[in-house]
Amino acid sequence: MDFDFSPEQKQLKDQVRRYLGDRCDSGAVRAILDGPEPYDRALWRGLGELGYLGASIPESDGGLGLGHLEACVIAEELGRAVAPVPWDSSIAQVAECLVEAGSDVQRSRWLPRLAAGEAVGAVALAERTGRVTAASIRCTARAASDGGVVLDGTKLAVADGDVADVAVVAALDAPGSVSLYLVALEGPGIVRTPVQTLDPTRSHATLVFDGAHAQRLGAPGQGLEILERVLDRAAVLVAFAQLGGADRALESAVAYAQGRFAFGRPIGSLQAIKHLLADMYVSATLARSNCYWAAWALSTGSSELPVAAASARVAATQAYQQCARDGLQVHGGMGFTWALDCHLHYRRSNLLALSLGALSQWEDRLVGLLREGVAA
């Protein structure tokens with residue numbers, strides 16, 4: 001595979017970086033971290049007005065219809081800036097669910113609003129630790145007296161669940177049969193309880209549904225199959241966000257190692273520091289290679305997408321966590337203070353490591369897919 005982004009896509013990446021440089025510096029991130037707002041509403045709306053949120057949403061649904069490669073480069077810059085916006089839950093997951101399985105009415109109601117930054121989406125799956133399966137789900141869908149469908153159950157640690165306008169919820173419509181449901185969260189029968197996490201710039205909540213009205217998303221009993229396809233695409237987009245964060249953490253560590261002197265010379269000349277930086281660089285470069293493979297597979301509709309997405313997810317998660325953790329060590333004692341920005345990447349890297357399912361789940365998926373390939 002010989003893949004690279006086009007000159008136009010690289011130009012888009014530069015434009016997003018300049019925009020975020022003006023609107024989302026570390027001061028703006030810290031304002032969300034320390035303030036009462038759960039996310040940067042002005043930035044979210046601005047990203048929508050410029051079309052960045054709708055890059056991969058079809059034009060017929062209110063987006064730009066550019067494609068997933070453009071979404072990848074945008075995601076990378078959002079991750080680099082540690083942008084305090086609900087992009088991965090709203091765009092990488094909910095919008096993808098609607099494009100994959102939504103009816104015309106569902107798409108027309110929500111996709112233009114998501115693309116414009118006028119709405120926030122959340123995906124509510126987990127009810128316990130571990131992989132989401134039919135056996136792990138207790139949330140149920142039942143017929144309502146008015147002929148519709150209502151949901152009963154509890155979903156844990158829903159990313160952006162406290163601020164979302166709409167949620168995609170996995171629920172049982174029969175024993176062992178999982179379907180997806182679309183729930184407008186401003187309706188009755190819903191209780192949201194904010195959950196404190198390591199990274200307050202990305203809010204979470206527990207959602208309790210007690211007779212909440214819902215609409216089925218996709219065919220009955222096909223919820224897990226739809227989720228698998230959507231999460232493969234989302235894994236690629238989130239991996240690029242992690243890649244952007246890893247690169248920025250590495251750059252910060254290199255700059256500090258070059259400018260910080262000890263015993264009359266830059267600390268970057270010390271063997272222990274050099275080895276840390278070299279290992280960070282190798283990890284980030286490996287992640288970029290896997291992300292590019294996954295981007296190619298995603299953009300071409302290749303049958304390699306499941307294994308490429310899992311590879312990108314694993315490599316990017318490991319790279320971001322390593323670069324954030326070891327970058328903090330390179331900064332020494334100052335790295336552990338709020339004065340520097342190391343903690344912003346440390347927080348985000350650990351939060352994203354659990355997004356879309358834990359790293360161990362993606363490692364298991366990758367090994368399983370590779371075994372299936374060898375057997376075939």
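- The existence of a salt bridge linking Glu228 and Arg365 is confirmed by a sub-4.0 Å separation between a basic side-chain nitrogen and an acidic carboxylate oxygen.
- The aromatic rings of Phe240 and Tyr292 lie parallel to each other, their planes meeting at an angle below 30°, with 60° marking the opposite boundary.
- Using a 4.0 Å cut-off between charged nitrogen and carboxylate oxygen, Glu77 and Arg248 do not count as a salt-bridge pair.
- Qualifying side chain to side chain donor-acceptor pair (under 3.5 Å) partners for Tyr281, counting only residues two or more places apart in sequence or in other chains: none.
- Looking at Arg348 and Asp199, a side-chain N of the basic residue comes within less than 4.0 Å of a carboxylate O on the acidic one, giving a salt bridge.
- Salt-bridge annotation for Arg23 and Asp40: absent, with no side-chain N of the basic residue lying under 4.0 Å from a carboxylate O of the acidic one.
- Judged purely by atom type and a 3.5 angstrom limit, Ser349 uses its side chain to pair as donor or acceptor with the backbone of His345.
- Applying the ring-ring contact (aromatic ring centres under 6.0 Å, His included) definition to pairs two or more places apart or across chains, those involving residues 252-279 are Tyr256-His331.
- Qualifying side chain to side chain contact (heavy atoms under 4.5 Å, CB included) partners for Asn350, counting only residues two or more places apart in sequence or in other chains: Leu198, Gln321, Tyr346.
- Counting non-hydrogen atoms of neighbouring residues, nucleotides and ligands closer than 6.0 angstrom, the CZ atom of Arg131 reaches no more than 12 such neighbours.
- Taking Asp4 as the reference, Lys10 meet the side chain to side chain donor-acceptor pair (under 3.5 Å) condition, with sequence neighbours excluded.
- Heavy-atom minimum distance, Gly189 versus Ala212: O-CB, 3.6 Å.
- With sequence neighbours left out, the salt bridge (Lys or Arg N to Asp or Glu O under 4.0 Å) criterion links Asp61 to Arg107.
- Contacts classified as salt bridge (charged side-chain N to carboxylate O under 4.0 Å, His left out) and involving residues 330-345 (residues at least two apart or in different chains) are given here: Arg30-Asp341.
- Not a single salt bridge (Lys or Arg N to Asp or Glu O under 4.0 Å) links Glu49 to another residue, sequence neighbours left out.
- For the salt bridge (Lys or Arg N to Asp or Glu O under 4.0 Å) test, residues two or more places apart in sequence or in another chain that qualify with Arg109 are Glu186.
- Under a 4.0 Å N-O distance rule, the pair Glu100/Arg233 qualifies as a salt bridge.
- Applying the side chain to side chain donor-acceptor pair (under 3.5 Å) criterion to His68, with sequence neighbours excluded, gives Glu96.
- By the side chain to side chain donor-acceptor pair (under 3.5 Å) test, Thr317 is found to be paired with Gln242, residues two or more places apart in sequence or in another chain being considered.
- A salt bridge links Glu37 with Arg41: the distance from a Lys NZ or Arg NE/NH1/NH2 to an Asp or Glu carboxylate oxygen falls below 4.0 Å.
- Considering every non-hydrogen atom in both Gly117 and Trp44, the closest pair reads O-CD1, 3.3 Å.
- In this view, Arg260 satisfies the salt bridge (Lys or Arg N to Asp or Glu O under 4.0 Å) rule with no residue, not counting sequence neighbours.
- Remark: His343 engages Trp338 in a ring-ring contact (aromatic ring centres under 6.0 Å, His included) (not counting sequence neighbours).
- No salt bridge links Glu76 with Arg17; every basic N to acidic carboxylate O contact stays at or beyond 4.0 Å.
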